[in-house]
Amino acid sequence: MTFSIHGLAVARGIAIGRAVLVASSRVDVAHYFIQHDQVAAEIDRLRQARNAVVDELKRLQQELTADAPPELGALLDVHLMLLEDESLSAGVKQWIEERFYNAEWAVSSQMEVIGRQFDEMEDAYLRERKSDLEQVTERVLHFLKGGTSPVVRTKPHARPQQELQLGDTMDVPLVLVAHDLSPADMLQFKQSVFTGFVTDVGGKTSHTAIVARSLDIPAVVGARSASQLIRQDDWVIIDGDMGVVIVDPSPIILAEYGFKQRQGDLERERLSRLRHTPAVTLDGQKIELLANIEMPEDADAAVLAGAVGVGLFRSEFLFMGRQGNLPEEDEQFEQYRRAIEGMKGLPVTIRTVDVGADKPLDEARHDAAHLNPALGLRAIRWSLADPEMFLTQLRAILRAAALGKVNLLVPMLAHASEIHQTLALVKQAQRDLDARGVAYGNVRLGAMIEIPAAALSLKLFLKHFDFLSIGTNDLIQYTLAIDRADETVAHLYDPLHPAVLRLIADTIAEGAAQGKSVSVCGEMAGDVGMTRLLLGMGLRSFSMHPSQVLLVKQQILRADTEKLKTLAAKVLDSEDPASLLLA
Ligand code: PEP
Ligand code: MG
């Protein structure tokens, strides 16, 4: 039966495919297709892993001493029984034989199917047996990986065969459905088989949503109970424009969305012709369109979209999911070098690490003890708390600046003391490199304006920095006291709130008055509904996901900044700005 689920639209377009449900803890289980002639070998690999678990459990059973609690023996019996369960093993085999899933993927898919049957059981005792099933599954997955301790997650930044060989085995498009995905998990799915994403939680400017947008595939977040309502292998339509997920669509609905999908493809093709057109308004104002990137390889998409540089390289993605093994200077230098070379001589703005809040370094270190992580040791606060780590990053960025035009951007500054410490550490990093005789280049220094306190102390910032970049995602979060990652308050996360608009307008005006460049690099910059307003406020530099660049350029080509000044003045004065922007 067809039904729909409503969430938040985060990445445009339509995806139609079969659902792959993934438990958050199993996101980095390898997902890849095997070739037709590998089926027998894959089933054999599975059999060996299963036998290894059976042997292990039997050995444990034998080793049980007479005084061991009787529940332990019973538990091992249950686990052994589950391993011999026909529906589990036949189901897993079916995923391999019919879908050509690798064994790990097949095991976790079947685990989701059977897990649901347990959830629906009336008897509470039987229902609780789901945790036994999960433990058995983890053991099998562990043996499939060939490990020796029951670890579920893979090594840092290991991208288990996610660079899939699609080949002729891939005949069914797949969409990923999960309760939650961390930004690092999301990043793992770059170049994966999935053509769309749905998550139960998350806000529009949560970092998971931001990464989804950078993948440029349709995504809906904050879809509440989607991962409960959608079953493994259901046909699903993800409408990333409207934030709707349609489950088990009828043929008529499928045909309608198939048509929309083709229209979207045509529109993209039409837009791609604007790539080499300069971004100049009708009244001759030149606008700078920059790209936001998360990894060096994203530079390709930025160049392809016609961006004239990178306005925000979120360097923290190089630090995440590494179980605390932070990248050394040489490794960071190498990644920055790749981004600079990828941009082919265009400037690259590298933001120093911004971990914390909804970007934990890794799940294990996601410190729930901090009640308000967004107000805690995040971004520059984290960097200044560990000067050696910060100096390592600064040296790597300065070295990279010898290879091209590099701007250094600092997130979350609010206090004069933080500014002074940061600038002193930049000098210290230069001295370190001088002492080592290592070449480095000049950088323009920029500050993010993303805390209201910063937007209200612009003189201080303009005195010390060459440029400013407005992080609207956080500026809205901190001005309105709305957690950007919390879908329950997403309706209050309002970029058009007069207080937010006032802070943005003042920052742009103050920067212009002092001849310093001001950019917006939050999601507002890539929102075509905001382009006219920002132009009217005097903004001349926008930084956004590569996928948005041409859409925003289209708006710019149709705009007259003189006329938009009047619109901006009215919007700033209005109680209902949205209605003025729609007019
Ligand atoms: C912002 O806050 O607007 C921003 C660009 O930084 P991030 O989204 O990474 O916090
Ligand atoms: Mg921010």
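Both counts, for ligands and for their atoms, begin at 1 and track the order of listing.
Rounding to the nearest 0.5 angstrom, the gap separating the OG atom in Ser547 from the CG atom in Leu304 is 12.0 Å.
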Candidate pair Cys521 and Ser469, rule side chain to side chain contact (heavy atoms under 4.5 Å, CB included), full reasoning: CA-CA 6 Å; Cys521 65; Ser469 189; 3.2 Å; yes
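For the Mg ion (ligand 2), the tally of protein N/O/S atoms lying closer than 2.8 Å stands at 2.
Between His415 and His420, the gap from one ring centroid to the other reaches at least 6.0 Å.
Between Arg378 and Asp354 there is a salt bridge, since a side-chain N of the basic residue sits under 4.0 Å from a carboxylate O of the acidic one. Arg12 has no carboxylate O lying under 4.0 Å from a charged side-chain N of Asp241, or vice versa, which leaves the two without a salt bridge.
Atom NZ of Lys204 has 12 or fewer neighbouring heavy atoms from other residues, nucleotides or ligands inside a 6.0 Å radius.
Judged as a salt bridge (Lys or Arg N to Asp or Glu O under 4.0 Å), and not counting sequence neighbours, the contacts of Asp506 are Arg502.
Residue pairs meeting the salt bridge (Lys or Arg N to Asp or Glu O under 4.0 Å) criterion with at least one partner in residues 215-224, sequence neighbours excluded, are Asp216-Arg268.
The immediate protein surroundings of ligand 1, defined as residues with any heavy atom under 4.0 Å of it, consist of His207, Ile210, Leu312, Arg314, Arg351, Asp354, Lys359, Arg378, Met448, Glu450, Gly471, Thr472, Asn473, Asp474, Arg484, Cys521, Gly522.
For Arg399 and Tyr440, the positive end is not near the middle of the six-membered ring at less than 6.0 Å and at most 45° from its axis.
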